[in-house]
Amino acid sequence: MTPKDFLTNRNFCPMPWTGLMYNVDGKVKNCIRSAGALGNLKHNSIEQILHGDANLATQRNMLANQPGANCYTCYNLEKDKTGFDIISDRVFYLRELKQVPLDTYQVDQHDLRTMDVRWTNLCNLACVYCGPEFSSRWADEMQEPITRPDSAQLEQFKQYIFDHAATLKHVYLAGGEPLLMKENLELLELLQRVNPDVNLRVNTNLTKTTTQVFDRICEFKNVHWTISVETQEDEFEYIRFGHTWPDFLENLTRIQQLDHRVSFNMLWFLLNYDTVFDCVDYLKGLGFHNNSFVIGALLTPEYLNIRHLPDSVLNLLKHKIQKRIDDRPGYLLEDSYRNMLSYIQEPFEKDLTGSFDKIKTMDQRRGQDSGKIFTELYKLK
């Protein structure tokens, strides 16, 4: 590999050699975008997984300028695009890990430089599009506990991560809610001692800024807050069940006062099909840059997919999005709009009635009435 190969090999990504994503159920993937798992800690050690057949096959493919089997999400996001202002984890990690020695990229090599470890599914919210896998509150509501690796397997994995703390370039804290996880506190205290210049990226619902984890993060200088939000006020409180809009704004003000980067991770789906644009405009009015917005169409659960909307509504959305593209906002915001426009033009089998039925079931379970909040959507019923 040469530096030029990083840019000319559109199939190459550093993650099969330098990263891992772990989820509470034991699954290990190259990254959160990966379509499939490399293995599970319930059955194999982390070393066996990273040097196993699935990861080696991806490494061989990429070195031969062939696509990774589980990497189509990034490839689709990059299709027909050039430059680096695009929403792709592959491009993100190419930039983030550009200092990794090139001789790392050989078959059966792995040098951990970035990690995305969801130690548990602990979360104080039950956002409508989430589920037990990523939210303990969802797991309690649905009475679907997550089976984790046993204590010995988890301890071995944790030791592997902590043993590599000094050489990590990038640490992604997500969840669940990362500001609540005691394991993150342990990791951050270790990083303060051995790797204080590490780049931290924190994906948070921003409900709690009074935790020890939050306090530790504030002591690092290279921090990128990625905040989950996609609409405002009553809609916000329905979608992000368990949070309040005034508390969110208060915590956002606190984050703004830090000398840290702030971005917004916004999902686009049935309930906020039009109001997501108002939310963008509101946050821009607070001073946030066009490069602070990453908007992606929600893929699961399918009943909340935006493409269930009638074609007449989707056509109105196409015009609205195209107008925003024509205004040339640039940066990640413009790429988000282009991805949104492309997505709603893909074929889809609609079942809006089924969507309303499932939303009604959730309303009954939670004692809510979505019809009083999403009035424009219910006019389509």
Side-chain angles (χ1 to χ4, degrees), residues 122-131 134-138 140-141 173-180 202-211 213-214 217-218 224-258 260-290 292-298 301 304 306 320 324 333 336 340 359-360 362-379:
L122 180 62
C123 188
N124 55 338
L125 300 188
C127 300
V128 295
Y129 45 69
C130 197
F134 293 106
S135 167
S136 56
R137 188 162 175 179
W138 256 104
D140 291 341
E141 180 179 317
L173 302 180
E177 173 48 44
L179 300 184
L180 301 178
V202 187
N203 193 329
T204 175
N205 60 36
L206 210 58
T207 55
K208 299 288 186 181
T209 57
T210 56
T211 69
V213 177
F214 179 84
I217 291 171
C218 291
H224 180 180
W225 296 93
T226 303
I227 299 168
S228 299
V229 59
E230 50 274 306
T231 188
Q232 305 171 75
E233 298 178 343
D234 289 348
E235 289 192 5
F236 172 92
E237 294 180 2
Y238 179 93
I239 289 173
R240 310 198 66 75
F241 185 61
H243 205 351
T244 69
W245 180 245
D247 284 349
F248 173 81
L249 292 181
E250 181 179 341
N251 291 336
L252 181 60
T253 298
R254 185 172 183 185
I255 292 287
Q256 274 188 286
Q257 294 169 350
L258 302 172
H260 292 162
R261 182 182 174 189
V262 178
S263 294
F264 299 99
N265 181 33
M266 314 180 81
L267 290 172
W268 186 47
F269 55 106
L270 204 59
L271 298 179
N272 69 335
Y273 72 91
D274 192 45
T275 56
V276 68
F277 304 104
D278 298 327
C279 187
V280 168
D281 294 343
Y282 176 82
L283 293 170
K284 286 177 63 176
L286 296 180
F288 291 100
H289 189 272
N290 286 350
S292 299
F293 299 93
V294 174
I295 313 171
L298 181 71
L304 290 176
I306 196 165
K320 187 167 193 170
R324 288 183 172 243
L333 180 57
S336 293
M340 295 161 73
I359 293 170
K360 180 180 179 181
M362 183 166 57
D363 280 356
Q364 291 172 340
R365 195 170 62 241
R366 296 181 172 183
Q368 294 188 295
D369 186 352
S370 54
K372 292 182 178 179
I373 298 171
F374 303 96
T375 54
E376 293 302 311
L377 175 64
Y378 273 80
K379 291 177 182 179

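Since this is a predicted model, take the numbers as computed values, not measurements. All residue numbers refer to positions in the sequence shown, counting from 1.
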Item checked: Donor-acceptor pair, side chain of T275 and main chain of D278, under 3.5 angstrom -> no
Checklist line | With sequence neighbours excluded, residues passing salt bridge (Lys or Arg N to Asp or Glu O under 4.0 Å) with K379 | finding: E376
Next item on the list: For the pair N290 (side chain) and L333 (backbone), establish whether a donor and an acceptor sit closer than 3.5 Å, ignoring hydrogens and angles.
Entry: no
Notebook entry, point to check: Say you draw a straight line from CD1 of I217 to NE2 of H260; how long is it, rounded to the nearest 0.5 Å?
Noted result: 9.0 Å
Check: Side chains of N203 and S228: is there a donor and an acceptor less than 3.5 Å apart?
Finding: yes
Check: Are side-chain heavy atoms of L271 and L377 found at a separation under 4.5 Å?
Finding: yes
Check: Do the non-hydrogen side-chain atoms of L252 and L283 ever get within less than 4.5 Å of each other?
Finding: yes
Item checked: Side chains of Q368 and F241 in contact at under 4.5 Å (non-hydrogen atoms) -> yes
Notebook entry, point to check: For the residue pair V202 and P178, what are the closest heavy atoms and their distance?
Noted result: CG1-CG, 4.2 Å
Next item on the list: Would you list the pairs meeting salt bridge (charged side-chain N to carboxylate O under 4.0 Å, His left out) in which at least one residue belongs to residues 235-245, sequence neighbours left out?
Entry: E230-R240
Margin query: Once ring-ring contact (aromatic ring centres under 6.0 Å, His included) is applied, do any residues pair with F236, and if so which ones, sequence neighbours excluded?
Written below: H243, W245, F248
Check: What residues, two or more places apart in sequence or in another chain, satisfy ring-ring contact (aromatic ring centres under 6.0 Å, His included) together with H224?
Finding: none
Item checked: For the student: nearest non-hydrogen atoms of T209 and R254, plus distance -> O-NH1, 2.5 Å
Notebook entry, point to check: With side chains defined as the heavy atoms from C-beta onward, is the minimum distance between I227 and N251 less than 4.5 Å?
Noted result: no
Notebook entry, point to check: Does the side chain of T211 come within less than 4.5 Å of L180's, by heavy atoms?
Noted result: yes
Notebook entry, point to check: Where is the tightest heavy-atom contact between F214 and I255, given as atom of each residue plus distance?
Noted result: CE1-CD1, 3.6 Å
Checklist line | Spacing of OG belonging to S370 relative to CG belonging to L270, to within rounding of 0.5 Å | finding: 10.0 Å
Margin query: Please find the pair of heavy atoms, one from F264 and one from V229, that lie closest to each other, and give the distance.
Written below: CD2-CG1, 3.5 Å
Notebook entry, point to check: When you check the gap from the basic side-chain N to the acidic O, do D234 and K372 get nearer than 4.0 Å?
Noted result: no
Margin query: Between S135 and L125 (side chain of the first, backbone of the second, donor and acceptor by atom type, cut-off under 3.5 Å), is there such a pair?
Written below: yes
Check: Looking only at heavy atoms, which two atoms of M266 and C279 are closest? And how far apart?
Finding: CE-SG, 3.7 Å
Note to self: Between E177 and L179 (side chain of the first, backbone of the second, donor and acceptor by atom type, cut-off under 3.5 Å), is there such a pair?
What the structure shows: yes
Next item on the list: Find the distance between OG1 (T231) and OH (Y273) and round it off to the nearest 0.5 Å.
Entry: 11.5 Å
Next item on the list: Drop me the distance from N265's CG to T204's OG1, to the nearest 0.5 angstrom.
Entry: 11.5 Å
Note to self: Which heavy atom of Y129 sits nearest to which heavy atom of P301, and what is that distance?
What the structure shows: O-CD, 3.3 Å
Next item on the list: Apply ring-ring contact (aromatic ring centres under 6.0 Å, His included) to F374 and list each qualifying residue two or more places apart in sequence or on a separate chain.
Entry: Y238
Checklist line | salt bridge (Lys or Arg N to Asp or Glu O under 4.0 Å) partners for R366, two or more places apart | finding: E141
Check: If you measure from CZ on F269 to CG on L304, what distance do you get to the nearest 0.5 Å?
Finding: 6.0 Å
Check: Under a 4.0 Å N-O cut-off, is there an ion pair linking R324 with D281?
Finding: yes
Notebook entry, point to check: Between CH2 of W225 and CG of L173, what distance do you get to the nearest 0.5 Å?
Noted result: 9.0 Å
Notebook entry, point to check: Is any side-chain heavy atom of L258 less than 4.5 Å from a side-chain heavy atom of C218?
Noted result: yes
Item checked: Neighbour count >12 (heavy atoms, 6.0 Å) for atom NZ, K208 -> no
Item checked: pair Y282-E233: side-chain heavy atoms closer than 4.5 Å -> no
Margin query: For a 4.5 angstrom cut-off between non-hydrogen side-chain atoms, does C123 reach N205?
Written below: yes
